[in-house]
2 protein chains.
Amino acid sequence: MVNSTPSPLQNLQQAGLRLTPQREAIYALLTETDSHPTAAEIYEILKPRFASLSLATVYNTLETLVNLGIINALGGAGDSQTHYDADTSPHVNLACLACNTIVDIPSTLVQEIHQEVSQNSGFKVLGARVLYYGLCPTCQAKETTPNR
Amino acid sequence: MVNSTPSPLQNLQQAGLRLTPQREAIYALLTETDSHPTAAEIYEILKPRFASLSLATVYNTLETLVNLGIINALGGAGDSQTHYDADTSPHVNLACLACNTIVDIPSTLVQEIHQEVSQNSGFKVLGARVLYYGLCPTCQAKETTPNR
DNA sequence: TTCTAAATTTAGAATTATTATAAATAAAAT
DNA sequence: ATTTTATTTATAATAATTCTAAATTTAGAA
Ligand SMILES: [Mn+2]
Ligand SMILES: [Mn+2]
Ligand SMILES: [Zn+2]
Ligand SMILES: [Zn+2]
């Protein structure tokens with residue numbers, strides 16, 4: 001046995017890019033959370049541990065990782081900020097338009113769709129953004145009691 | 001027989017809103033095209049026929065229609081503009097990141113996912129954004145011949 | 001037909017997420 | 001060491017969208 005867990009970040013070096021502390025920290029944060037954070041949120045979380053971090057670096061890194069297919073950009077979720085997801089396996093993301101959180105929903109059907117689309121479209125499919133939106137249980141309760 | 005095709009725009013008046021010429025034209029344009037246009041594109045198309053039209057009205061109307069569930073906001077497609085879709089039935093949208101066009105893909109699986117998500121999540125599902133992205137056949141050809 | 005109040009449109013200003021720029025730093029190659 | 005290349009950083013610029021307030025339209029009452 002050589003190495004049991006080859007990190008997707010290895011792809012960086014294969015592409016002639018460097019595995020810097022900033023890139024490592026940003027990717028590690030993304031894999032360790034299930035909150036689908038935005039660039040600004042990542043920046044705020046990492047700033048204490050990483051005094052000199054720049055927001056531009058966060059954006060640069062996220063774009064790099066997306067282009068390498070290591071992470072997915074999910075787009076906005078009621079807010080107007082792009083949310084990122086280190087889980088690139090086919091799954092359903094479910095966003096609450098009221099509190100702007102995104103959770104994952106297990107679904108066996110998504111993988112079938114992925115194949116269906118790849119085969120019947122003529123497109124070269126690079127990624128998927130399966131995002132349902134609505135109101136989470138907590139925010140539903142607040143909605144049903146509108147004002148007061 | 002009273003009326004065979006009740007337009008979704010009837011919902012406007014039921015919600016106490018007015019069915020203005022601008023709203024009617026914007027919705028008609030969306031239903032008659034399959035191009036999933038942006039607010040700016042809708043504005044440019046309607047400006048000749050509608051001299052006094054304002055871009056703010058296009059944004060206002062699109063937001064109104066989205067909130068009523070009459071149309072869907074698909075989000076960006078490689079560009080950074082929100083694309084809109086008058087087809088609210090469950091279907092797969094497929095975006096080309098190179099030319100920023102979006103086409104529809106028929107899929108029976110999407111409807112099942114919609115139910116699956118609604119039942120197992122506890123969310124009140126208001127809409128779906130099923131968007132795959134990649135390269136369309138035309139842009140694939142251009143990619144394989146990178147420079148020159 | 002006026003009159004009045006609410007809804008809507010409009011032009012333009014403001015906001016803000018993201019991208020671009022250019023200098024400083026760090027790492028790799030020679 | 002020196003040179004080159006990649007990267008980070010601070011900051012400015014961009015541009016999609018939203019906000020604001022005045023003008024216009026509409027529906028209904030008088
Ligand atoms: Mn996810
Ligand atoms: Mn569509
Ligand atoms: Zn919520
Ligand atoms: Zn294309």
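Excluded from the calculations below are hydrogen atoms, water molecules and symmetry mates; all remaining heavy atoms, backbone and side chain alike, are included. Residue numbering restarts at 1 for every chain, and letters A, B, ... go by the order of the sequence lines.
B:Tyr84 and B:Ala39 make their closest contact through CE1-N, 4.2 Å (heavy atoms, listed as atom of the first residue, atom of the second, distance). Considering every non-hydrogen atom in both B:Thr82 and B:Ala73, the closest pair reads CG2-CB, 4.0 Å. Shown here for A:Gly69 and A:Thr88, the closest heavy-atom pair between the two residues is O-CG2, 3.8 Å.
Under the rule for a side chain to side chain contact (heavy atoms under 4.5 Å, CB included), the partners of A:Ile45 that lie at least two apart in sequence or sit in another chain are A:Leu29, A:Arg49.
The closest side-chain donor-acceptor pair between A:Thr57 and A:Gln22, if any, does not fall under 3.5 angstrom.
With a cut-off of 3.5 Å on both Watson-Crick or G-U wobble distances, the partner of D:dA30 is given as C:dT1.
Bracketed by its first and final contacts, the part of DNA chain D lying under 4.0 Å from non-hydrogen atoms of chain A reaches from D:dT5 to D:dA10 in 5' to 3' order.
Within 6.0 Å of atom CG in B:Asp34, 12 or fewer heavy atoms from other residues, nucleotides or ligands are found, so the atom counts as exposed in its surroundings.
Taking the six-membered ring for Trp and thresholds of 30 and 60 degrees, B:His91 and B:His36 have ring planes inclined between 30 and 60 degrees apart.
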For this session: Summarise how protein sits on nucleotides 13-27 of chain C as a single string, 5' to 3': B when a protein heavy atom is under 4.0 Å from the base, S for sugar-phosphate-only contact, - for no contact.
Result: ----SSBB------B
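Under a 3.5 Å cut-off, the side chain of A:Gln111 and the backbone N or O of A:Pro90 do not form any donor-acceptor pair.
Nucleic acid contact class of A:Thr57 (heavy atoms, under 4.0 Å, all strands): base.
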